[in-house]
Amino acid sequence: MLKSAEMMKTLALCTALVAVPGAVLAQESAAPSRDGGYGLGRTALPEEIAAWDIDIRPDGQGLPVGSGDVWTGEELFIEQCSACHGDFGEAVGRWPMLAGGFGTLEGEDPVKTIGSYWPYLSTVWDYVHRAMPYGAAQTLEDDEVYALVAYLMYVNNMVEDDFVLSNENFLEIAMPNEEAFFMDDRVETEFPLFTVEPCMENCAESVEITMRSMVLDVTPDTEEAAEPAPEEAAVEEAPAEPAADAEPAEAAPDPELVAAGERLFRQCSACHQIGDGAVNRTGPLLNGIHDAPVASREGFRYSPALAGAGDSGMVWDDETLAGYLADPRGFIRGNRMAFAGLRSQEDIEAMIAYLRAASTE
Amino acid sequence: MTDTPNFTPSRRQFLAGAAVATGAAATGKLVHAQAMPDPAITEMQPWQQYLGAGVDAAPYGVPSQFEAHVIRRNVEWLTADAVSSINFTPLHELEGIITPNGLCFERHHSGVAEIDPGQHRLMINGLVDTPLVFTMEDILRFPRENRTYFLECAANSGMEWRGAQLNGVQFTHGMIHNVVYTGVPLRLLLQEAGLHGDAAWILPEGADAAAMTRSVPLEKAMDDCLVAFAMNGERLRPEQGYPIRLVVPGWEGNMWVKWLRRIEVGDQPWHHREETSKYTDLLEHGEARRFTWEMDAKSVITNPSPQAPITHGPGPTVLSGVAWSGRGTIPRVDVTIDGGITWHQARMSGPSFDKSMHRFYHEFDWDGGPLLLQSRAHDSTGYVQPTKDQLRAVRGENSIYHNNGIQTWAVNEGGEAENVEIG
């Protein structure tokens, strides 16, 4: 771990460099300190500190009593994390990868994961507990966090499947890449190179272009970007359509499509439940959602935006579901579903087939 | 968008225009001969005759409808969703040194927290004599200071480590803004709680769903950090941390914790996610620098640039740009229009504040030939902005963060600019 004395030394060095007399423009005179303070604010109560002070340090400071095993962690992970991070932390789409990447840091395409890169296990505990699952932060119990961290160690080949992580063995664990980190040394390694008076005239015989960004063509088109695409506009008008139109030619669901939709439901299961015994969680339960009015699940606290759409008579038919699942935030502005949207038209069709099948069961 | 004429020509339109201008210039010194009277003068315009909107048409004013293209933009393929994502400041549309509040780039990790200031609290706990809770009202009773600072994301220009990628200064350099902050020196709040002798670090924490945390050495906290509640004269925008954010002058933007709700004082750093998994600089051979807080001196030409081509043809041309350093002021910027064979000292314009953006200009007569534009900042410590190849020689190509290398724009005969690398 970094010693604070060492760190202060480096800081002092940086400060010394800045302190060239007259070079730094003082913006104004400093606001005055007052002996004994200003007497503002009030003493924080122990309960208040306990409610907010959730940070964990590599030396174990802040770590609560508790434990969890790899198997429990796997179950939790599949339920609450795999929609974005994949069953084994391999990542779905562009969501972060949490496992693997060993031996890639020196190569052309480094993959930085908990196993390949992170220097301290305490960081995993602290971060999962403070910020995950994404969109439902700080909903995990301490033992659940221990179990999830144990599972993340397991998928990163750090432990066997019978491993149990607890506050007691936590400090015994060293991360494989801890030694690779070192304190900022730009002052020693780069300043000597980058403080040389540069050439001003006849600095080269000739220069050539060696690389062009136009070849890659990955820049968003800024001329049209501000105008909504016509398809999007069409989708936004769809909610006005009455649901009854879709009824007549109701074909039997294609079992393959339904099965594909069921597999895709992984992406929703971090927040939604469906089927026997389903209950409201981060998102409302989705039994019977097809053809149901928007925001009509008993006991779920909808956002004003979704509740408003429901009040205006909007119904979840093929069209509205397609629009919402393609772009949840764009379709109903201000609604709270923290989900990026299904990528392809096939996925959307499969998902709707599955939701519809589950609604008629 | 509006159907009203836009003064920023599309690439296609302006190519035609440039050809005409070149013809005119070839006939002699003056391009001013006008065959037909200009209808903008001879014809009555609606705004000359009819009454305009009254005083309250826009109780909170907005820019002219003809400036509707001046907006933040994102690059969708960069992130999985728009909630943990980033957009970019349109540097090529800005003048002077101050970024208007509505154009300051945004980076959120769990979206924008919408906080009722009446419900907001700031707690200070840890190695202090008295752990304290402040309301917004308490904070506004401390002495305040006004200071102008740039905030640059450490990942600014991060997509360019391996070569020229994004074709626009907004995307290559737009993770920066420069704002006048009004805030309480953090020193005063920490002194109010009383620091223990072994206090050496603080951990600021956000109130959003990411509960953002970073370890900051106490020396910096006691030096020039502010707990800011206003930017450019008005309260912070929600996307910039309303009601309060931490200001950590000259240091990477991620440390400027928004929606600040708590500061813990400790004797060691916390090594949290944003200072281990992220914001560490992977070098060659698999080693990584940590705690690379300061932003090195950097500059970029904003005009001309790919989104702001030369549309007027040969003749007097204004080259404009911005420069900044996390370690001081920018007394000097060099520019070249021939790819670095000959350099000229640019003209600095506007106020020069410590750890703030600086504006520079270089006026020249464009001969209509191709140009290779570069700028090179010198800061008050004697540091000279390196080339991208100099940086790669020290750090390799895997760093992502802290790319302050010299930017090159290639301008062709038509005045169009492109992001390129030269050698």
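In the text below, chain A, chain B and the rest are named by the order of the sequence lines, each starting its count at 1.
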Non-hydrogen side-chain atoms of A:Asp126 and B:Arg273 separated by less than 4.5 Å: no

field: Within-4.5 Å side-chain heavy-atom neighbours: B:Asp296 and A:Arg186
entry: yes

- line: Greatest number of non-hydrogen atom pairs under 4.5 angstrom with chain A, of B:Ser277, B:Gly340, B:Ala193, B:Gly126, falls to B:Ser277

statement: Max heavy-atom pairs within cutoff under 4.5 Å with chain A, candidates B:Arg261, B:Glu284, B:Arg187, goes to B:Arg261

message: With a 4.5 angstrom heavy-atom cut-off, is it the side chain or the backbone of B:Thr336 that approaches chain A, or both, or neither?
response: neither

task: Between chain B and each of A:Gln61, A:Lys112, A:Glu108, count heavy-atom pairs under 4.5 Å; write down the option with the most.
output: A:Glu108

- request: Determine the option with the most heavy-atom pairs under 4.5 angstrom with chain B, choosing from A:Leu193, A:Thr113, A:Ile56.
  value: A:Ile56

task: Heavy-atom pairs under 4.5 Å with chain B are the metric here; pick the option from A:Phe182, A:Phe181, A:Phe339 that has the most.
output: A:Phe182

Short side-chain donor-acceptor distance under 3.5 Å, B:Thr292 and A:Asp184: no

query: Any side-chain heavy atom of A:Thr195 within less than 4.5 Å of one from B:Val384?
result: no

message: What's the separation between atom CD in B:Glu397 and atom CG in A:Asp109, rounded to the nearest 0.5 Å?
response: 12.0 Å

task: For B:Gln191 and A:Ser33, test the side chains for any donor-to-acceptor distance below 3.5 angstrom and give the result as yes or no.
output: yes

query: Quick one: what part of B:Arg376 sits under 4.5 Å from any heavy atom of chain A, side chain, backbone, both or neither?
result: side chain

message: Are the side chains of A:Met211 and B:Val420 in contact, using a 4.5 Å heavy-atom criterion?
response: no

message: Rounded at 0.5 Å granularity, tell me how far OH in A:Tyr120 sits from NE2 in B:His272.
response: 12.0 Å

message: Under 4.5 Å from any heavy atom of chain A, what part of B:His402 do you find: side chain, backbone, both or neither?
response: side chain

- prompt: Can you check whether B:Arg395 reaches A:Glu190 side chain to side chain, under 4.5 Å on heavy atoms?
  reply: yes

- line: Taking every heavy atom of B:Val133 against every heavy atom of A:Ala44, the minimum-distance pair comes out as CG2-CB, 3.6 Å

query: In terms of heavy-atom contacts, does CZ of B:Arg162 have more than 12 from other residues, nucleotides or ligands at under 6.0 Å?
result: yes

task: Considering only heavy atoms and a distance below 4.5 Å, find which of A:Ala131, A:Gly93, A:Ala204, A:Ala180 pairs most often with chain B.
output: A:Ala180

- prompt: In terms of heavy-atom proximity below 4.5 Å to chain A, should B:Ala211 be classed as side chain, backbone, both, or neither?
  reply: both

- prompt: Any luck finding a side-chain donor-acceptor pair between A:Trp118 and B:Thr276 under 3.5 Å?
  reply: no

task: Tell me, for A:Ile114 versus chain B, whether the close heavy atoms (under 4.5 Å) come from the side chain, the backbone, both or neither.
output: neither

task: Heavy-atom pairs under 4.5 Å with chain B are the metric here; pick the option from A:Ser206, A:Pro110, A:Ala137 that has the most.
output: A:Pro110

Any side-chain heavy-atom pair of B:His378 and A:Pro198 under 4.5 Å: yes

query: Contact part of A:Glu205 toward chain B, heavy-atom cut-off under 4.5 Å: side chain, backbone, both or neither?
result: backbone

Proximity breakdown for B:Asn74 and chain A, heavy-atom pairs closer than 4.5 Å: backbone

message: Less than 4.5 Å to any heavy atom of chain B: does that hold for the side chain of A:Val92, its backbone, both, or neither?
response: neither

query: What part of A:Thr104 gets closer than 4.5 Å to chain B, counting heavy atoms only: side chain, backbone, both or neither?
result: neither

field: Selection from B:Thr130, B:Thr213, B:Thr342 maximising heavy-atom pairs under 4.5 Å formed with chain A
entry: B:Thr213

Salt-bridge present (A:Asp185, B:Arg289; N to O < 4.0 Å): yes

- prompt: How many angstroms lie between CG in B:Asp338 and SG in A:Cys203, if you round to the nearest 0.5 Å?
  reply: 8.5 Å

field: Distance (rounded to the nearest 0.5 Å) between A:Ile209 CD1 and B:Ile422 CD1
entry: 8.0 Å

field: Interface moiety of B:Asn125 toward chain A, non-hydrogen atoms closer than 4.5 Å
entry: side chain

- prompt: Is it the side chain or the backbone of B:Leu372 that comes within 4.5 Å of chain A heavy atoms, both, or neither?
  reply: side chain

- prompt: Can A:Arg212 and B:Glu421 be counted as an ion pair, charged N to O under 4.0 angstrom?
  reply: no

message: Does this structure show an ion pair linking B:Asp267 with A:Arg57, if we count only N-O contacts that are shorter than 4.0 Å?
response: yes

query: With chain A, which of B:Pro143, B:Gly286, B:Ala164, B:Ala288 has the greatest number of heavy-atom pairs at distances under 4.5 Å?
result: B:Ala288

statement: Heaviest contributor of heavy-atom pairs below 4.5 Å to chain A, chosen from B:Met159, B:Glu418, B:Gln390, B:His285, is B:Glu418

query: With a cut-off of 6.0 Å (strictly less than), are more than 12 heavy atoms of other residues, nucleotides or ligands near CD of B:Glu76?
result: no

- request: Apply side-chain contact (heavy atoms from CB on, under 4.5 Å) to the pair B:Trp343 and A:Glu201, showing each step before the final yes or no.
  value: CA-CA 6 Å; B:Trp343 291 84; A:Glu201 263 167 31; over 6 Å; no

message: Given heavy-atom pairs under 4.5 angstrom as the criterion, report whether the side chain, backbone, both or neither of B:Leu189 touches chain A.
response: neither

message: Would you compute the distance between atom NE2 of B:His271 and atom OG of A:Ser122 and round it to the nearest 0.5 angstrom?
response: 8.0 Å

query: Using non-hydrogen atoms only, which part of A:Tyr127 is less than 4.5 Å away from chain B: side chain, backbone, both, or neither?
result: side chain

Test: A:Asp53 and B:Arg262 ion pair at under 4.0 Å: yes

- request: Flag the pair B:Glu205 / A:Ile54 as yes when at least one side-chain heavy-atom distance between them is below 4.5 Å, and no otherwise.
  value: yes

message: Can you tell me which portion of A:Cys84 sits under 4.5 Å from chain B's heavy atoms? Options are side chain, backbone, both or neither.
response: neither

message: Which atoms of A:Glu48 are under 4.5 Å from chain B, going by heavy atoms: the side chain, the backbone, both sets, or neither?
response: both

- prompt: Is there a donor in the side chain of A:Tyr117 and an acceptor in the side chain of B:Thr280, or the other way round, less than 3.5 Å apart?
  reply: yes

- prompt: Checking heavy atoms, do the side chain of B:Leu226, its backbone, both or neither come under 4.5 Å from chain A?
  reply: neither

field: Structural part of B:Gln345 lying under 4.5 Å from a heavy atom of chain A
entry: both

field: side-chain contact (heavy atoms from CB on, under 4.5 Å) evaluation trace for A:Met214 with B:Asn167
entry: CA-CA 7 Å; A:Met214 296 281 256; B:Asn167 204 31; 3.1 Å; yes

- request: Select, from A:Val207, A:Leu45, A:Asp55, the one with the greatest count of heavy-atom pairs under 4.5 Å involving chain B.
  value: A:Asp55

query: B:Leu283, B:Val394, B:Leu282: which one forms the most heavy-atom pairs within less than 4.5 Å of chain A?
result: B:Leu282

message: Using side-chain heavy atoms (C-beta onward) and a distance below 4.5 Å, is B:Gln385 in contact with A:Phe194?
response: no

field: Electrostatic pair B:Glu192-A:Arg34, nearest N-O below 4.0 angstrom
entry: no

message: To the closest 0.5 Å, what do you measure between CZ (B:Phe134) and CG (A:Leu40)?
response: 7.0 Å

